[in-house]
Number of protein chains: 2
Amino acid sequence: MNIGDVSTRLGLPAKTIRYYEDIGLIKPLRSANGYRSFVAADVHRLAFLGRARALGFSIEDCRTLMALYRDESRASADVKDLAKEHLGKIEAKIRDLQMMHATLSELVESCAGDNRPDCPILSDLSGLSAAIG
Amino acid sequence: MNIGDVSTRLGLPAKTIRYYEDIGLIKPLRSANGYRSFVAADVHRLAFLGRARALGFSIEDCRTLMALYRDESRASADVKDLAKEHLGKIEAKIRDLQMMHATLSELVESCAGDNRPDCPILSDLSGLSAAIG
DNA sequence: CCTTGACCTTCCTGCGACTGGAACCCTCAT
DNA sequence: ATGAGGGTTCCAGTCGCAGGAAGGTCAAGG
């Protein structure tokens, strides 16, 4: 399989696949013409990467996860720990975003949104937080 | 005021303040020795920036917000629209993260996390999603 | 046989919003 | 004179790719 086929199959951009090779996550063989030649194992690794990335794991986490996957003597605790740490980061991000959301939606609600210049959003940002009550 | 004082006051790294000058968000004067010399208006602008960034607005959004703030003939609708669009992006990110969180926490819960190699997290990533049921 | 168009290749640059570090200047106290 | 603790500029790196240039390859059609 050429890169385009893999890209279509997995929904991963060819650029991304080449990048993954660059950083050593996959090592597809080459055809005589120099094209990358993907076998089932490569496609499988890429699919693994795609799913791990979709769960928000960093590239380095993915590298670790793939190493664990290939290590038949792994302890599932190692995988779980990695996942739990990632889960913690996700939770932290969600909290941050929810804080922003809470503040910002209050401000948005309190803004008339008409032709007049008075705006509690700008008031708040400027430090004259006499807007919310 | 020198950059260090402003940095301490606002809790913004000096590097960040220099960066904001680089990209034209502030234009502090210079002392005879070449040091940046911040007056109250500069500090105010930086504080504005800090708050807008803390709400997750992009630098370009901040630029627009500051322009609106200085434009006394602005329409609050313009500010509100910008904020609402940003709110939408925040909501999208929260949803994405919550999806990740849901999937990942299920996987984490179903993983024994002991010395054995069997791991539903890896099974799921590998595509053999025979783990969750 | 030649061309066209769709593939593929490598290499370089840019994104956003900084951060780290090198190499150097200024100021003040000792 | 020296040392500590400011400040300055500029360049490189972060993360995970995306965009684009310049060129090689291949199958089909005229």
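Just so it is clear, the values below take in all heavy atoms, side chains as well, and ignore hydrogens, waters and symmetry mates. In what follows, chains carry the letters A, B, and so on, assigned in the order in which the sequence lines appear, proteins first and then strands, with residues in each chain numbered from 1.
- Listed for the A:R53 side chain is a donor-acceptor partner under 3.5 Å among the backbone atoms of A:F57.
- For B:L55 and C:dA17, the CG to C1' distance is 17 Å, given to the nearest whole Å.
- The side chain of A:Y20 contributes no N or O atom lying less than 4.0 Å from OP1 or OP2 of D:dG16.
- The backbone N or O of B:G4 lies less than 3.5 Å from a partner atom in the side chain of B:T8, making a donor-acceptor pair.
- Comparing atom distances between the B:I59 side chain and each of D:dG20, C:dA17, C:dG21 picks out C:dA17 as nearest.
- With B:R30 contributing its side chain and B:Y35 its backbone, the two residues share no donor-acceptor pair below 3.5 Å.
- Separating the CZ atom of A:R18 from the C1' atom of D:dG20 is a distance of 12 Å, rounded to the nearest angstrom.
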Does the pair A:F38 and A:L46 meet the rule for a side chain to side chain contact (heavy atoms under 4.5 Å, CB included), with working shown? CA-CA 10 Å; A:F38 297 84; A:L46 282 169; 4.0 Å; yes
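- Summarising the geometry, the separation between CG on A:D5 and P on C:dA6 is reported as 16 Å, rounded to the nearest angstrom.
- Checked by distance alone, B:K15 brings a side-chain donor or acceptor within 3.5 Å of a matching partner on the base of C:dG21.
- A:L25 places its CG atom 10 Å from the P atom of D:dC17, with the value rounded to the nearest Å.
- When only modelled atom types and interatomic distance are considered, A:S37 and A:N2 share no side-chain donor-acceptor pair under 3.5 Å.
- The side chain of B:T16 places an N or O atom within less than 4.0 Å of a non-bridging phosphate oxygen (OP1 or OP2) of C:dT19.
- Judged by distance alone, the side chain of A:H44 and the main-chain N or O of B:G127 form no donor-acceptor pair under 3.5 Å.
- Whole-Å rounding puts the A:I17 CD1 to D:dC17 P distance at 11 Å.
- Against DNA chain C, the stretch residues 27-54 of chain B makes heavy-atom approaches under 4.0 Å through B:N33, B:Y35, B:R53.
- For B:Y19 and D:dT9, the OH to P distance is 16 Å, given to the nearest whole Å.
- Counting non-hydrogen atoms of other residues, nucleotides and ligands closer than 6.0 Å to CG of B:N115 gives a total of 12 or fewer.
- Rounded to whole Å, the distance from CG on B:N2 to P on D:dG6 is 11 Å.
- When the C1' atom of C:dT27 is taken as reference, atom CD1 of B:I3 falls 17 Å away, rounded to whole Å.
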